[in-house]
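Quick note on labels: first sequence line is chain A, next is B, and so on, each numbered from 1. What's counted below: heavy atoms across the whole structure, side chains too, no hydrogens, waters or symmetry copies.
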2 protein chains.
Amino acid sequence: MRDLFTNIKIQVNEKIYLKDPETSILGKKIIEESILLMDAIGFDHFTFKKLGEKISSNESSIYRYFENKHKLMLYLSSWYWSWMEYKLFFATNNIEDPFEKLKKAITIVTEKIEDDEATKHINESILNKIIISEFTKTLQTKEVDEENKEGFFLIYKSVINRIVNLIIEVDPDYPFAKSLASNIIEGALHQHFLRDHLTTITNCNENISPTDFYINLITTVLKNK
Amino acid sequence: MRDLFTNIKIQVNEKIYLKDPETSILGKKIIEESILLMDAIGFDHFTFKKLGEKISSNESSIYRYFENKHKLMLYLSSWYWSWMEYKLFFATNNIEDPFEKLKKAITIVTEKIEDDEATKHINESILNKIIISEFTKTLQTKEVDEENKEGFFLIYKSVINRIVNLIIEVDPDYPFAKSLASNIIEGALHQHFLRDHLTTITNCNENISPTDFYINLITTVLKNK
DNA sequence: TTTTATTGATAGTATTACTATTATCTTTGC
DNA sequence: GCAAAGATAATAGTAATACTATCAATAAAA
């Protein structure tokens with residue numbers, strides 16, 4: 001899998017950036033360090049000025065890559081879900097049994113992420129932390145409908161639809177495949193957040209993972225396993 | 001129920017505000033109109049200056065009630081969950097059968113809200129729309145741990161714990177009661193959002209409601225019904 | 001009627017979120 | 001090896017945001 005990633009370029013909607021950060025050293029540095037800074041101070045306190053200082057570069061240089069921090073966050077999340085889609089594909093590709101396949105997929109999208117050494121400038125483990133705390137904010141804006149039309153969320157929806165198809169394969173009669181899939185993906189992020197911050201309203205802790213909860217859920221909800 | 005609400009004052013943690021908005025005409029106006037303005041332009045574009053213009057009052061007067069718009073949003077969401085807790089209590093109080101009781105509670109917390117005529121200055125239907133699009137943002141900040149310690153999310157957690165207890169009553173052996181409850185409350189808000197904006201990744205529409213999805217879910221997940 | 005509390009008006013500061021311009025530095029093409 | 005092109009840095013500047021401070025006007029309470 002490592003070799004595959006080295007050759008495959010994660011695709012992000014071109015309208016999200018002004019200049020592709022993958023095409024220059026500065027661009028890659030912007031991505032690499034924005035992940036670290038976003039994790040350290042959060043989206044709300046993140047500014048291009050602070051990022052510029054951190055990478056010893058100029059605020060105005062960053063603006064040549066991204067219109068604003070919301071677009072940068074859209075880039076990071078698109079990258080994440082695109083990477084997730086590859087992971088999903090390769091991890092489930094060789095599994096025959098539909099239910100085992102679905103379980104593997106659910107595991108992939110709900111588990112805690114370790115850094116993928118194949119991508120030098122992106123720390124997936126930290127990116128995952130950012131997605132847990134910040135992703136929903138990229139959706140929940142007044143501009144969501146326009147941005148959805150522009151295709152900014154295509155990869156995210158594609159990941160969900162992959163899960164939907166696996167659910168349908170297991171139980172074609174289950175009437176809420178889409179809601180179940182979108183619930184699991186969003187819900188897993190939320191359960192991770194609760195485990196870290198609001199521990200009294202989740203069963204997840206060091207021993208029980210969101211993955212355990214959601215595997216148990218689909219096992220009882222779906223038939224024909 | 002209407003009469004009860006007229007007499008019961010919704011309790012909000014005193015540390016959220018500088019001056020209790022319920023104690024003055026201006027305060028009530030701030031709450032009433034902030035709900036409308038927040039719905040119209042969203043949390044991100046909402047400012048105290050704009051609110052001041054809308055209520056023909058001064059920006060600095062609003063700052064005497066709330067430190068910033070985040071605190072105002074905390075107030076609105078605390079109010080909402082407090083109101084929800086009353087609704088839950090009165091709606092389930094007289095139901096004997098544990099599963100019927102749980103179903104009623106799930107219905108209350110997942111359904112679309114109509115305006116409650118008992119509260120003159122608060123439009124619950126619009127407040128519900130705001131909670132759907134903005135509530136998660138009030139949790140997902142870098143200050144969540146401090147604010148949680150201050151007790152800003154007590155009422156929210158209390159609503160979830162009420163559902164947890166009902167789940168345990170129906171099926172004491174189910175091992176994920178807390179995660180299921182927090183998932184349903186957060187997930188229902190998310191499904192409402194998807195129904196309105198990302199329709200391809202939810203089964204919810206004019207005919208199928210988030211309530212249908214979650215009632216179906218608990219019906220299959222829990223035993224001893 | 002005096003005191004107190006509340007609100008309004010005005011002004012001012014620091015930060016944010018950018019845009020514009022010009023200089024410098026680095027490639028690459030020949 | 002040099003010129004042209006492209007990318008980056010430095011500086012400056014604007015408008016909006018997110019406040020704080022002060023003081024006057026007004027309404028309510030003692």
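Residue side chain B:R64 reaches the base of C:dG8 through a donor-acceptor N/O pair under 3.5 Å, judged by distance alone.
Contact annotation for B:S61: base contact, defined as any heavy-atom pair under 4.0 Å involving a base atom. Base engagement by B:E59 is indicated by at least one non-hydrogen atom pair under 4.0 Å involving a base atom. Among the protein residues, A:S60 comes within range of the nucleic acid bases, having at least one heavy atom under 4.0 Å from a base atom.
Whole-Å rounding puts the A:K50 NZ to C:dT15 C1' distance at 9 Å. Look at CG on B:L18: it is 11 Å from P on D:dC19, rounded to the nearest Å. The nearest whole Å value for the distance from the CG atom in B:N68 to the C1' atom in D:dT20 is 14 Å. Atom C1' of nucleotide D:dT17 and atom NE2 of A:H45 are separated by 15 Å, given to the nearest angstrom. When rounded to the nearest whole Å, the span between OH of B:Y65 and P of D:dA18 equals 21 Å.
Summary of the strand contacts: A:D44 and A:I25 both lie near DNA chain C, and taking for each the nucleotide with the nearest heavy atom, the more 5' one is attributed to A:D44. Place B:F46 and A:N58 on DNA chain D by their nearest nucleotides, and A:N58 ends up nearer the 5' end.
Remark: A:S57 is in phosphate contact with D:dA9, judged by side-chain N or O atoms under 4.0 Å from OP1 or OP2. A sub-4.0 Å separation between OP1 or OP2 of D:dA16 and a side-chain N or O of B:K49 is absent. Dashed line: the shortest gap from a side-chain N or O of A:Y63 to OP1 or OP2 of C:dA20 is not under 4.0 Å.
Side chain of A:S82 to backbone of A:S78: no donor-acceptor contact under 3.5 angstrom is found.
For the pair B:K15 and B:F152, the cation-pi test (distance below 6.0 Å, angle within 45°) is failed.
Ion pairing between a basic and an acidic side chain is recognised when a charged N comes within 4.0 Å of a carboxylate O; A:K50 and A:E53 show no such pairing.
In the model, A:H121 has a side-chain atom that pairs as donor or acceptor with a side-chain atom of A:E22 under 3.5 Å.
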